[in-house]
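Okay, so here's the structure we're looking at.
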Amino acid sequence: MRIGAMVRRLDDGRTLSTDPDLVLPLASVGKVLLLAEVARRLADRTLEADQPVELLDTDRALGGTGLLGQLSPRWWTVADLATAVATVSDNAATNALLRLVTLDAVQDLARVAGLRDTTVHDLIRAERGPGVPDTFATGTAGELCAFLADVAKGTWHSPQACRLLRGWLAGNIDRTMVADSIGHDPWSGDGVRVENKTGTDTGVRADTGIVSGRHTVVYAVVAAFAPGEERTAVAELRRWGATVDRLAGPHRSDKS
C-alpha cells in the first residue's frame, strides 16, 4: 500500500506527514479543482449560478456515484450541479460542469495555484481503454494541503470564491474516511466543522478537507492499494483522522 498524507494546523504551522510529495491517483478528490473553477467564475461574475446546463445522455449513462443521472430533469442550474458534485460526488454533474467550464480551464487553475503534480486529466468515464488518460485525476497530499490552506485563509483567488468552495465542501455527505475519526456532528451548526471531499475508486481511497475546531487544520490523505486491502486503507485514513481531530481541538473559536 502507498500512502501520501499531510495534516497542517494553520495558526502555528504544525505539520505531520508521510510521503506528501508522492503522486497518486485521487479519484473524486480531483473534483475539488472543478468546484474551485466554478467558484472562481461565479465570484468573478463570468458565470451565473442560475445558468441552465443540460445533462446529455452520455452524462446520465455514466453510473457510479451520484443521483442526477437517475432523476427525470435534463436541465439543472450551475448551482445545482456544483451542489451535486460536492454533496454526493455526482458523476453526471461533474461531466456537465467540465463540459461547461472546460478541462483546459481546470488544468490552468491548478497551474496558477502552484500545483505542479495535482490536476484533472479527463472527464469521468465508465470504462478506460486505449487512447484516454489512465485515471481521472492525480496529485499529492502536500499540494492539496497547500491549496486548501489558501482557501481556508481566504487568500486563494478571492474571499468570495473561497467562501463558495468551502460552503459546497461543507455539504459533503461522505464522512466515512478521515472525517470518521473527527468529533463532529455534520447536522449541527455548533462544534467542529468539517468541509471535505472524498474519492473512491478501485485501489484508491482519498480524503481532503478543512476542519475548524479550536484551531483550523487542513489535511489530505490518499491511499493506493492492491485488491483486498480496502479495509486496511480505510483504517489508515481513519488513523490520520484521529490526528486531525487532536490538532483541531474540540470547539470552534469565534474567529473560525
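Residue numbers count from 1 along this sequence.
Here the straight-line distance linking atom CG of Asp174 with atom NZ of Lys197 works out to 7.5 Å at 0.5 Å rounding. Between atom CZ of residue Phe136 and atom NE2 of residue His121 there is a gap of 9.5 Å, rounded to the nearest 0.5 Å. The line from CG of Asp90 to OG of Ser28 is 10.0 Å long, rounded to the nearest 0.5 Å. The OG1 atom of Thr119 lies 6.5 Å from the CG atom of Leu33; values are rounded to the nearest 0.5 Å.
Using a 3.5 Å distance cut-off with no hydrogens or angles, the side chains of Thr94 and Asn91 do not pair a donor with an acceptor. Side-chain contact, His215 with Arg14: no donor N or O sits under 3.5 Å from an acceptor N or O.
Taking the charged nitrogens against the carboxylate oxygens, Asp59 and Arg99 do have a contact shorter than 4.0 Å, which makes a salt bridge. Ion pair Glu195/Arg193 flagged as a salt bridge, since at least one NZ, NE, NH1 or NH2 atom sits closer than 4.0 Å to an Asp/Glu carboxylate oxygen. Salt-bridge check for Arg128 with Asp122: passed, with a basic side-chain N closer than 4.0 Å to an acidic carboxylate O.
Using a 4.5 Å cut-off on side-chain heavy atoms (C-beta onward), Leu100 and Arg41 make no contact. At least one side-chain heavy atom of Val217 sits under 4.5 Å from a side-chain heavy atom of Val7. Val120 is listed as a side-chain neighbour of Leu103, based on a closest heavy-atom distance under 4.5 Å. The shortest distance between side-chain heavy atoms of Leu62 and Asn95 falls below 4.5 Å. Taking 4.5 Å as the limit, some side-chain heavy atom of Leu10 sits within range of a side-chain heavy atom of Val218.
Under the 4.5 Å side-chain heavy-atom criterion for grouping Ile, Leu, Val, Met, Phe, Trp and Tyr, Val23 is not connected to Leu115 through any hydrophobic cluster.
For an aromatic pair to be called close, the ring centres must be under 6.0 Å apart, and Trp156 with Phe147 satisfies this.
Atom CZ of Arg111 is surrounded by more than 12 heavy atoms from other residues, nucleotides or ligands within 6.0 Å.
With sequence neighbours excluded, the residues satisfying salt bridge (charged side-chain N to carboxylate O under 4.0 Å, His left out) with Glu54 are Arg74.
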Quick one: do Asp12 and Arg9 satisfy salt bridge (Lys or Arg N to Asp or Glu O under 4.0 Å)? Show the steps, please. CA-CA 6 Å; Asp12 61 5; Arg9 189 160 62 190; 2.8 Å; yes
Pair Asp44, Thr46 - check side chain to side chain donor-acceptor pair (under 3.5 Å), show working. CA-CA 5 Å; Asp44 290 350; Thr46 57; 5.2 Å; no
